[in-house]
*Asks:* 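Here it is, the structure in full.
Throughout, a chain's letter reflects where its sequence line sits, starting with A, and its residues are numbered from 1.
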Amino acid sequence: MQKLRTIKGTHDILPWESHKWQKIESVLREVFAAYAYKEVRTPVFEYTALFARGVGEFSDIVSKEMYTFEDKGGESLTLRPELTASVARSFIQHNYQQEAPLHKLWYLGPLFRQERPQAGRQRQFHQFGIEVIGSPHPEADAEVIELACRVYRALGLRNWELHINSIGSIEARKNYMDILRAALEPHKDGLCDTCRERFHGNILRLFDCKNPECGRIMKAHAPAILDHLSPEDTEHFNALRNYLDAVGIPYVIDPALVRGLDYYTRTTFEIKGTALGAQDALCGGGRYDLLIRDLDGPDTPAVGFAAGMERLILAMDAEGLFEQESDGLDLYIAPMDSRCLEKVLPLVTALREKGYRVQLELLRRSVKAMLRDANRQQVQWVAVVGEQELEKRSMNLKNLRENDQLETAWDEIGAVLDRTSKRKPI
RNA sequence: GUGGAUGUAGCUCAGUUGGCAGAGCGCUUGGUUGUGGCCCAAGUGGUCGUGGGUUCAAGUCCCAUCAUUCACCCCA
């Protein structure tokens, strides 16, 4: 270690940026509460096997992006690269299904993946998300999607669009992959190298390729997965669409939206930020009816989404949605010297106890400097405290926003501050 | 893991054919013996990412290295 600095791909949330996180978090809590979701918090590290089994051993995340290490007992542990597996583990471990037939959960926390950083992608990043565990019905999918959209609307974000698709049940998907392979076989030579490699593995990934030639071939010759679903899958998808239509959520049906982690079944969806760079997925999710069973839990259907905090902040910054928020300080006490400070200290403490936000000068600066500082901090009221004020047990409360001043007895101060304060007693 | 771009003051950036390190903003102080903003003035602040090399002389040219960043891969 030469210079002390953050690890590649990690960032400090600086004191003058943290308000952005707090604003988003408070809106999230309100939205989740309105939809009756409960928060779940799980540890940031888990046994490696959880992710290997839950996410899929051959997925990129597990095979090359995890922070895995051995503890002193020789156990292989991993910093969580995603949260759905952890929530599923918690569900199984604590037998949630014994408590109630349906659980609606939300989470927010840091995740870790060892990738090359770029715009909208860090090695430590944060996701919030929800999981509805227990319902196989399309109304659960609809609620999850509608809730995701609600979050972005509630935050005032405009430049995004919802993409939905269905990749069907396991059987329908296997069937479709054979059909796709057969349809593309004659055009195989025109595909790029990676696509030719994937041809015999997960052929669905060919939809993701950004090579223009591959895109042309897929568009011309690949049959749509929606045409090859089982009748039950189709019914589920149509019901979802009806629900979305009923609540006025516009969406794009995107047959190429086949990605995601190994555990998805039927519904997949994504919310794309239309003003972002290459990393434009604000939110991704879908149904995962098999995950909990695959982790040796009870056969339990589930649907959810995960959304990136950092990308959301990028998108909101691009739309100028973070106003310069003041700290809402009620009063700035500017003592003329240390003796005056000592004498007003009990008053300051008493006001803070009642919940007023009071800034007290700690640098022994000049009156002019203190006033300047108070102005910079957008404090509502400021009081210079010298010998006169101590003798009369009153102070001139100067309203920095209205530019007037009124003499106030010490025990009247609260009443004046109440005109503008948003205090809550502590 | 692959490819491109960029590293100069706290921030955003100038810096000419190689010739004494700059601006704006910010911050501090002063212009008022106890009163902010606007204005004016002064001040603070840089091992020029790091290590080698070429040269009388390197922020500038060469090599290496580290970091940041954008894109690929993949994903939130």
Side-chain angles (χ1 to χ4, degrees), chain A residues 1-3 5-11 14 16 55-56 58-66 81-84 107-129 148 151 160 192-195 197-198 202 205 208-211 257 259-261 269-273 276-285 304-315 332 334-337 340 363 365-390 395-405:
Chain A
M1 192 198 305
Q2 313 92 331
K3 286 182 183 172
R5 52 161 301 118
T6 50
I7 294 165
K8 181 198 282 281
T10 69
H11 294 284
L14 298 170
W16 46 89
V55 182
F58 302 107
S59 67
D60 282 22
I61 289 179
V62 172
S63 62
K64 55 188 197 194
E65 295 173 2
M66 294 204 306
E82 60 111 51
L83 263 160
T84 299
Y107 56 75
L108 167 65
L111 307 181
F112 307 85
R113 292 182 199 169
Q114 189 158 192
E115 303 177 89
R116 278 286 269 275
Q118 69 184 82
R121 186 169 66 200
Q122 287 82 43
R123 290 186 169 185
Q124 174 175 345
F125 61 106
H126 298 75
Q127 285 185 354
F128 61 88
V151 166
W160 54 272
C192 71
D193 294 346
T194 41
C195 283
E197 270 175 41
R198 286 171 173 169
N202 189 350
R205 294 246 184 250
D208 297 337
C209 187
K210 286 172 186 167
N211 181 310
L257 183 56
R259 2 182 227 164
L261 312 176
F269 73 96
E270 188 168 302
I271 293 176
K272 289 178 189 290
L276 291 179
Q279 308 302 324
D280 65 349
L282 283 171
C283 171
F305 73 74
M309 282 289 280
E310 284 83 357
R311 288 181 190 180
L312 173 56
I313 289 172
L314 284 178
Y332 189 110
M336 306 267 312
D337 55 44
C340 297
L363 285 174
R365 282 177 289 188
S366 68
V367 170
K368 178 182 181 131
M370 290 190 285
L371 266 288
R372 194 164 42 223
D373 189 34
N375 184 64
R376 197 173 15 230
Q377 295 188 48
Q378 299 179 277
V379 183
Q380 180 75 43
W381 300 93
V382 60
V384 175
V385 178
E387 294 295 339
Q388 295 169 30
E389 286 77 8
L390 291 174
M395 29 179 93
N396 278 314
L397 288 184
K398 184 185 176 85
N399 189 334
L400 284 185
R401 302 188 193 169
E402 312 270 319
N403 201 20
D404 61 353
Q405 197 159 302

*Asks:* Nearest to the side chain of S366(A), which nucleotide is it out of U35(B), G30(B), C70(B)?
*Replies:* G30(B)
*Asks:* Classify the side chain of Q114(A) and the base of G1(B) as holding, or not holding, a donor-acceptor pair under 3.5 Å.
*Replies:* no
*Asks:* Work out how far the P atom of U65(B) is from that of A23(B), and round it to whole angstrom.
*Replies:* 36 Å
*Asks:* Measure CD/E310(A) against P/U69(B) and give the value in whole Å, please.
*Replies:* 13 Å
*Asks:* What I want to find out is whether R123(A) reaches E115(A) closely enough, with some N-O distance under 4.0 Å, to be called a salt bridge.
*Replies:* no
*Asks:* Distance between the C1' atoms of U6(B) and G49(B), in whole angstroms?
*Replies:* 11 Å
*Asks:* What nitrogen or oxygen pairs link the protein and nucleotides 36-41 of chain B at under 3.5 Å?
*Replies:*
unit_1	atom_1	unit_2	atom_2	d
G36(B)	O6	N403(A)	OD1	2.4
G36(B)	N1	L400(A)	O	2.8
G36(B)	N2	N375(A)	OD1	2.6
G36(B)	N2	L400(A)	O	2.7
G36(B)	N3	N375(A)	OD1	3.0
G37(B)	O4'	N375(A)	ND2	3.1
G37(B)	O6	N403(A)	OD1	3.1
G37(B)	O6	N403(A)	ND2	3.3

*Asks:* Report the distance from atom NZ of K64(A) to atom C1' of C75(B), rounded to the nearest whole Å.
*Replies:* 11 Å
*Asks:* Under 3.5 Å, side chain of R116(A) to main-chain N/O of G9(A), donor-acceptor pair present?
*Replies:* no
*Asks:* Among C72(B), U68(B), A76(B), find the nucleotide with the atom closest to the side chain of K8(A).
*Replies:* U68(B)
*Asks:* From the set G34(B), A76(B), C72(B), return the single nucleotide nearest to any side-chain atom of M336(A).
*Replies:* G34(B)
*Asks:* For C72(B), does OP1 or OP2 lie under 4.0 Å from any side-chain N or O of Q118(A)?
*Replies:* yes
*Asks:* How about F125(A) and T10(A): do any of their side-chain heavy atoms sit closer than 4.5 Å?
*Replies:* no
*Asks:* Could you check I271(A) against V385(A) and say which one's nearest nucleotide on RNA chain B is further toward the 5' end?
*Replies:* V385(A)
*Asks:* For Q388(A), what residues pass the side-chain contact (heavy atoms from CB on, under 4.5 Å) criterion, not counting sequence neighbours?
*Replies:* none
*Asks:* In this structure, how many angstroms lie between the P atom of A76(B) and the CG atom of L257(A), rounded?
*Replies:* 11 Å
*Asks:* Is L371(A) close to K398(A) at the side-chain level, that is, under 4.5 Å between some pair of heavy atoms?
*Replies:* yes
*Asks:* Please report the distance separating the P of G52(B) from the corresponding atom of G59(B), rounded so that it comes out in whole Å.
*Replies:* 14 Å
*Asks:* With side chains defined as the heavy atoms from C-beta onward, is the minimum distance between L282(A) and L276(A) less than 4.5 Å?
*Replies:* yes
*Asks:* Would a 4.5 Å heavy-atom cut-off, applied to side chains only, mark Y332(A) and N375(A) as touching?
*Replies:* no
*Asks:* Rounded to whole Å, please give me the gap between CD in Q122(A) and C1' in C70(B).
*Replies:* 13 Å
*Asks:* Rounded at 0.5 Å granularity, tell me how far CD in Q122(A) sits from CD in Q279(A).
*Replies:* 10.0 Å
*Asks:* M370(A) versus V384(A): any side-chain heavy-atom pair under 4.5 Å?
*Replies:* no
*Asks:* Any base atoms under 4.0 Å from A374(A), or only sugar-phosphate, or nothing? Heavy atoms, all strands.
*Replies:* nothing
*Asks:* Take atom C1' in C75(B) and the same atom in G7(B), then report the distance between them in whole Å.
*Replies:* 29 Å
*Asks:* Would you write the dot-bracket representation of RNA chain B, where each base gets (, ), [, ], | or . depending on whether it forms a Watson-Crick or G-U pair under 3.5 Å and with which partner?
*Replies:* (((((((..((((.....[..)))).(((((.......))))).....(((((..]....))))))))))))....
*Asks:* Suppose you measure atom C1' in A67(B) against the same atom in G18(B); what distance do you get, rounded to whole Å?
*Replies:* 27 Å
*Asks:* Pick base, sugar-phosphate or nothing for A369(A), based on heavy-atom distances below 4.0 Å to the nucleic acid.
*Replies:* sugar-phosphate
*Asks:* Using distance alone, with no hydrogens and no angle criterion, decide if Q380(A) and N399(A) have a side-chain donor and acceptor under 3.5 Å apart.
*Replies:* yes
*Asks:* What nucleotide, of U69(B), A71(B), G34(B), holds the atom closest to the side chain of P117(A)?
*Replies:* U69(B)
*Asks:* Does E65(A) reach a base, just sugar-phosphate, or nothing at all? Heavy atoms under 4.0 Å.
*Replies:* sugar-phosphate
*Asks:* Can you check each nucleotide of nucleotides 2-11 of chain B against protein heavy atoms at under 4.0 Å and return B for base, S for sugar-phosphate only, - for none, in 5' to 3' order?
*Replies:* BB--------
*Asks:* Say you pick atom C1' in C27(B) and the same atom in U33(B); how far apart are they, in whole Å?
*Replies:* 26 Å
*Asks:* Would you indicate, yes or no, if U68(B) has its OP1 or OP2 atom less than 4.0 angstrom from a side-chain nitrogen or oxygen of R5(A)?
*Replies:* yes
*Asks:* Assign each of Q405(A) and G120(A) to its nearest nucleotide of RNA chain B by heavy atoms, then name whichever residue's nucleotide is nearer the 5' end.
*Replies:* Q405(A)
*Asks:* Taking only residues at least two apart or on different chains, which pairs with a member in residues 306-315 of chain A satisfy salt bridge (Lys or Arg N to Asp or Glu O under 4.0 Å)?
*Replies:* none
*Asks:* Rounding to the closest angstrom, what is the interatomic distance between G4(B) and C63(B) at atom P?
*Replies:* 14 Å
*Asks:* Mind checking whether L390(A) and V385(A) have side chains closer than 4.5 Å, heavy atoms only?
*Replies:* yes
*Asks:* Would you classify Q377(A) as touching base, sugar-phosphate or nothing, given that sugar-phosphate means primed atoms plus P, OP1 and OP2, and contacts are heavy atoms under 4.0 Å?
*Replies:* nothing
*Asks:* Who are the side-chain hydrogen bond (donor to acceptor under 3.5 Å, both in side chains) partners of R372(A), not counting sequence neighbours?
*Replies:* none
*Asks:* What integer number of Å spans the P atoms of A5(B) and C62(B)?
*Replies:* 13 Å
